[in-house]
Amino acid sequence: MFKLIKYELQGRSKYYIAALIGMFFMFFYINMRLTSKDFTVSLAFSFLAIYLVYIVLVISGIILYAKDVFGNSGYLIFTIPKRGETILGAKLIVAIAEFLIFIFTVVLLSYLNLSINYPVEIVNNFILEYKNTLIPASTLITLFFIFLILLSYFSITLAKTIFYSNKYAIWISLMLMWLIYFIINKLITLISKLFPYSIHIGTGSIIAKAVNTNSNITMYLTPLELNIAALTFETFTLFILFIATSYLIDSKMNL
């Protein structure tokens, strides 16, 4: 697996360097142009920048895997004498590493940008005041990223398994991804209503909601209050997606 990870990282090294340089220049330009004296406005911009980088990372992860599956490199990668879980695990680890590197970079640049334009005490006080929300929220965002990546890998692999031709496979894989996400989202909503018990992150206490609570996937729950059954189901779903995708890579995918 480590050789596969090394191969993946080496193949994307130029992309990493160019993206990181671009991010540094973007934040430098923004810092030079920043005129707002409202800390809330600047903070909102920082969260917007993190959100945009998050979206780009999800799209990039999907595109890179799709290129391997539908491109010429797929035959070389997926026919090596390695099991499907090893290949998939390497790709997933690389995607998570990319996510952590770029999100950490944009968070660090946002912190530096705010610290330059406002007193450091204001920035640090905000972090300390909301740390009980920011830490769980960051964990959930990372888990949701892994979920989206695994869901896209499964959908792309399934499309390549069903259709030998690549002509409409990409569009079909996107439709499969949306359909599966929709079904999982509905199941989580139903589970949250059937088992309305949540854990409050700040206190660690378990609380119950009314049966008619309109719960949703964890992405939309407040970070301080997580439905236990929904979170358990989502974790189980991650394992199912990984196992199913590995099986398709091993036995069923058309190359």
*Residues forming a side chain to side chain donor-acceptor pair (under 3.5 Å) with N125, sequence neighbours excluded*: none
Show me the donor-acceptor pairs, under 3.5 Å and distance only, between side chains in residues 237-246 and residues at least two apart or in other chains.
residue: T237; atom: OG1; partner: F233; partner atom: O; Å: 2.7
residue: T245; atom: OG1; partner: L241; partner atom: O; Å: 2.6
residue: S246; atom: OG; partner: F242; partner atom: O; Å: 2.8

*Please list, chain by chain and in numerical order, all residues satisfying ring pair (Phe, Tyr, Trp, His ring centres under 6.0 Å) with F24, sequence neighbours excluded.*
none
*Any chance you could measure S110, atom OG, to F45, atom CZ, to the nearest 0.5 Å?*
7.5 Å
*What's the verdict on side chain to side chain contact (heavy atoms under 4.5 Å, CB included) for I184 and E234, showing C-alpha distance, side-chain angles and the deciding distance?*
CA-CA 9 Å; I184 293 175; E234 289 177 36; 5.8 Å; no
*Roughly how far, to the nearest 0.5 Å, is CH2 of W178 from OH of Y181?*
11.0 Å
*salt bridge (Lys or Arg N to Asp or Glu O under 4.0 Å) pairs, two or more places apart, involving residues 89-101*: E8-K91, R12-E98, D68-K91
*Who pairs with L128 by side-chain contact (heavy atoms from CB on, under 4.5 Å), at least two apart in sequence or on another chain?*
none
_Test side-chain contact (heavy atoms from CB on, under 4.5 Å) applied to I122 - qualifying residues, sequence neighbours left out_ = F39, P119
Would you tabulate the side-chain donor-acceptor contacts of residues 140-153 under 3.5 Å, counting partners in other chains and residues two or more places apart, or write 'none'?
residue: T142; atom: OG1; partner: S138; partner atom: O; Å: 2.9
residue: S152; atom: OG; partner: L148; partner atom: O; Å: 3.3
residue: S152; atom: OG; partner: I149; partner atom: O; Å: 2.6

Residues 99-107 side chain polar contacts: donor-acceptor under 3.5 Å, at least two apart:
residue: T105; atom: OG1; partner: I101; partner atom: O; Å: 2.7

*Do any pairs count as a salt bridge (Lys or Arg N to Asp or Glu O under 4.0 Å) and have a residue in residues 169-186, sequence neighbours left out, and if so which ones?*
none
*Listed by chain and number, what are the side chain to side chain donor-acceptor pair (under 3.5 Å) partners of T157, not counting sequence neighbours?*
Y65
*asked:* When you compare the side chain of D250 with that of E85, does any pair of heavy atoms fall below 4.5 Å?
replied: yes
*To the nearest 0.5 angstrom, please state how far the OG atom of S115 sits from the CD atom of E121.*
9.5 Å
_Test of understanding: with side chain to side chain donor-acceptor pair (under 3.5 Å), list the residues that count as partners of S60, not counting sequence neighbours._
Y15
_By side-chain contact (heavy atoms from CB on, under 4.5 Å) - contacts of I21 (at least two apart)_ = I17, F25
